Number of protein chains: 2
Amino acid sequence: MNRSLTRRQQEIYDFLSRHNDEFEHPPTLDELCSALGLSSKGSLHKQIQALVDAGLVEPMNNQRRGVRLVREEDDSTLPVLGYIAAGKPIEAIEQRETIQVPSLLRTNKPCFVLQVRGDSMIEEGILDGDHIIVEQRDQARNGEIVVALIDGSDATLKRIEQTPGEVILHPANSAMSPLHFSPDQVSIQGVLVGQMRSYH
Amino acid sequence: MNRSLTRRQQEIYDFLSRHNDEFEHPPTLDELCSALGLSSKGSLHKQIQALVDAGLVEPMNNQRRGVRLVREEDDSTLPVLGYIAAGKPIEAIEQRETIQVPSLLRTNKPCFVLQVRGDSMIEEGILDGDHIIVEQRDQARNGEIVVALIDGSDATLKRIEQTPGEVILHPANSAMSPLHFSPDQVSIQGVLVGQMRSYH
DNA sequence: TATAATAGAACACAAGTAGAACCAATAGGG
DNA sequence: CCCTATTGGTTCTACTTGTGTTCTATTATA
C-alpha cells in the first residue's frame, strides 16, 4: 500500500496539501491540470489514482471536487503516552489511551500527552497530576521547557539551557538544583506546548 | 449525515450565516433566490434540504421564514466571557467568543471560560494568561476555588472558606492576605473545574 | 527496454437550474 | 367564525453543465 511516490506524485501531493490549507473545497481535476501545467485530466486522474492506492487520498467515487486528502489523525485527540516524573523513565500506560486536546493547546506538528508526577515544575504552575501537551522534536531553543531523556534512561521535564559545552536543566522548584550534563547525555524528546488540569 | 457540502451548498450556508448575524428573521426562499442569483425556488429548496440532511439547518416543516440554522454549540466549545483579575469586575470581551474545551476539563452542568489576569492564584498553579473553566453555581463547598462577586461589583478568583458569620477568600500568593467579608457581600458566580494553558 | 508521464477523445454521472403545479399557513373581510 | 385571497414552502419533471472516468496512443526518462 505505502509504496514510495514518484516525483510527479509527490509534487501533486504537495500541491494538494497547500491547496487544502488555503481553500475550503478541493480543486477539480481541470484546476489541478492548469495549476500543474498539464493539459490532460486523464493523465492527472491516473496519478491521483496512485495516491489513492498509496493511502494518501480518499477514493473519490465519482464525486465532484473529490480529491480529498486522507485526514491525518483525529484532529482533536492525542495519545497519552504515560506519566513523567523527574528522574524516572516515562512510565507507559498499559493500554493505549487518548485524550481530547483543544487545538489551542497544541501545534500542527505531531504531539503527545503526558501526565505529570511530582512537583519539580511547581513554580512554573505545573502541578502533580496535570496533563501536558508536548510537541515531538529533537531540538529546543534555550528557555523552552522540554521532555529530555538523560543517558537514554531517565526522562524529565525541565527548562533547558544549552551552551556549546554543556546542557543545564533547570527545575522550577527552589528546593531542587539545576542539573548539568554534557550534550551527548541529553536527548530531547519534545517541547512543552500546552498544559491542562482538571479539578474534579 | 455529516457529509461534506458541495460548493453551492457551502455558499448558501455562508450566506445564511451572514444573514443570521445581521437580521432578526431568516429570509424567505424568494429572498434567498434573488440574493443568490437563482430564479427557481424549487431548486433552492432542494439545496436547503441537503443542508438539513447535513444537520446544519433546522428542518422547516412548512413554516414561514423557516430556514433556521441549527444552533451550532458543539458540545466541545464553551463561551469565553472575558478576563478575571482580582479586584476588578469581569472585563467582558467585545464580541462573543468561544473556545474548545475537552470534556475532561468541564462538568455536565453549564460552564463558561475566563482568562486569568494577574498572579493572585500563582501558588495554585494558575498563572497570568491561563484559561479557566468555571461551572456556573451559586454555592460552593469550603476549600473550592470560586469566582465570587464582592459587593456586586468586584469579581475575583479565590479559595473559599465559609463560616456561619463570615466568608474568607484566600488568595494563593503569599504576598497577599486573605479577605474577610460578611456572607451577604459575597455572591458566588461559579466554581473552578478546569484550567488550561498554551505555551505558544 | 521498462517505467513514468502525457495528450486527447469519448463517456457517464453528479450538481445545479428552471418552471410549473401543488399544498400549508396566515391575514382580512363578511 | 367561516370563507377566501395571498404569501410562501413543497414536490415534480426535465434539462444543462461541470467534472470524474476510462481508454488508447505517444513521448520522455532511467
Side-chain angles (χ1 to χ4, degrees), chain A residues 1-20 22-71, chain B residues 1-20 22-71:
Chain A
M1 181 190 0
N2 215 343
R3 66 163 157 267
S4 59
L5 302 182
T6 66
R7 200 178 41 212
R8 195 54 159 160
Q9 285 161 10
Q10 186 66 50
E11 195 179 331
I12 294 174
Y13 180 75
D14 291 344
F15 180 86
L16 286 172
S17 297
R18 264 179 285 124
H19 191 282
N20 194 28
E22 194 168 347
F23 298 96
E24 184 101 19
H25 290 277
T28 66
L29 292 193
D30 284 329
E31 284 167 4
L32 269 177
C33 277
S34 48
L36 294 167
L38 284 173
S39 65
S40 155
K41 55 182 177 175
S43 319
L44 214 209
H45 183 266
K46 192 170 147 202
Q47 302 283 28
I48 293 195
Q49 210 49 51
L51 291 176
V52 172
D53 292 344
L56 295 172
V57 170
E58 301 274 1
M60 46 174 194
N61 307 309
N62 273 310
Q63 307 207 359
R64 268 86 255 269
R65 293 179 179 274
V67 191
R68 302 175 185 285
L69 295 180
V70 164
R71 51 167 211 180
Chain B
M1 191 219 319
N2 214 345
R3 73 155 162 280
S4 56
L5 303 181
T6 68
R7 205 164 30 156
R8 193 57 159 157
Q9 286 160 12
Q10 185 71 49
E11 198 178 327
I12 294 174
Y13 180 75
D14 291 345
F15 179 86
L16 286 172
S17 297
R18 264 180 284 123
H19 191 282
N20 194 29
E22 195 167 346
F23 299 96
E24 181 104 16
H25 294 284
T28 66
L29 293 194
D30 286 327
E31 285 167 4
L32 269 177
C33 276
S34 48
L36 294 167
L38 283 174
S39 63
S40 154
K41 57 181 177 176
S43 314
L44 212 211
H45 184 268
K46 192 169 141 199
Q47 300 283 29
I48 294 194
Q49 209 50 52
L51 292 177
V52 172
D53 292 343
L56 295 172
V57 169
E58 302 274 0
M60 45 172 193
N61 306 310
N62 281 309
Q63 307 197 15
R64 301 308 168 88
R65 294 181 178 275
V67 191
R68 300 174 187 287
L69 295 181
V70 162
R71 264 259 153 273

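Keep in mind it's a predicted model, so treat the numbers as computed, not measured. We name chains A, B, ... by the order of the sequence lines, and we start the count at 1 in each one.
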Look at all strands and tell whether S43(B) reaches a base, only sugar-phosphate, or nothing, counting heavy atoms closer than 4.0 Å. base
Contact class for L38(A) (heavy atom, under 4.0 Å): base, sugar-phosphate, or nothing?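 Contact class for L38(A): sugar-phosphate only.
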Which nucleotide in the list [options] gets nearest to the side chain of [X]?
X	options	result
M60(B)	dA15(C), dA5(C), dG9(D)	dG9(D)
R7(B)	dA5(C), dT17(C), dT19(D)	dT19(D)
L29(A)	dG16(C), dT10(D), dT21(D)	dT21(D)
T6(A)	dA4(C), dA15(C), dG9(D)	dA4(C)

Ignoring hydrogens and angles, tell me if any N or O in the side chain of R64(A) forms a donor-acceptor pair with the backbone of N62(A) under 3.5 Å.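 Yes; judged by distance alone, with no hydrogens or angles, the pair exists.
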Where the side chain of Q63(A) meets the backbone of M60(A), is there a donor-acceptor pair that is under 3.5 Å apart?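 No.
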Within-4.5 Å side-chain heavy-atom neighbours: [X] and [Y]:
X	Y	value
E11(B)	D14(B)	no
Q47(A)	L36(A)	no
L51(B)	L69(B)	no
L16(B)	L56(B)	no

Return whichever of R65(B) or K41(A) has its heavy-atom-nearest nucleotide of DNA chain D closer to the 5' end.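 Its nearest nucleotide lies further toward 5', so the answer is R65(B).
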For Q49(A) and Q49(B), take the nucleotide of DNA chain D holding the closest heavy atom to each; which residue's nucleotide lies nearer the 5' end? Q49(B)
[X] [atom1] - [N] [atom2] separation (whole Å):
X	N	atom1	atom2	answer
Q9(B)	dG16(C)	CD	P	6 Å
L32(B)	dT17(C)	CG	C1'	16 Å
L44(A)	dT22(D)	CG	C1'	15 Å
L36(A)	dA7(C)	CG	C1'	15 Å
E11(A)	dA4(C)	CD	P	16 Å
D30(A)	dG8(C)	CG	P	13 Å
E31(A)	dG18(D)	CD	P	12 Å
H45(A)	dA5(C)	NE2	C1'	16 Å

Assess whether one donor atom and one acceptor atom, taken from the side chain of S40(B) and the base of dG19(C), lie less than 3.5 Å apart.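 Flag set: donor-acceptor pair detected.
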Presence of donor-acceptor pair under 3.5 Å, side chain of R64(B) and base of dT26(C): no
Distance below 4.0 Å between [X] side-chain N/O and [N] OP1 or OP2:
X	N	result
R8(A)	dT6(C)	yes
Q47(A)	dA5(C)	yes
S39(B)	dG19(C)	yes

Taking the nucleotide of DNA chain C with the nearest heavy atom to each, does K46(B) or N62(A) sit closer to the 5' end?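 Going by which nucleotide is closer to the 5' end, it is N62(A).
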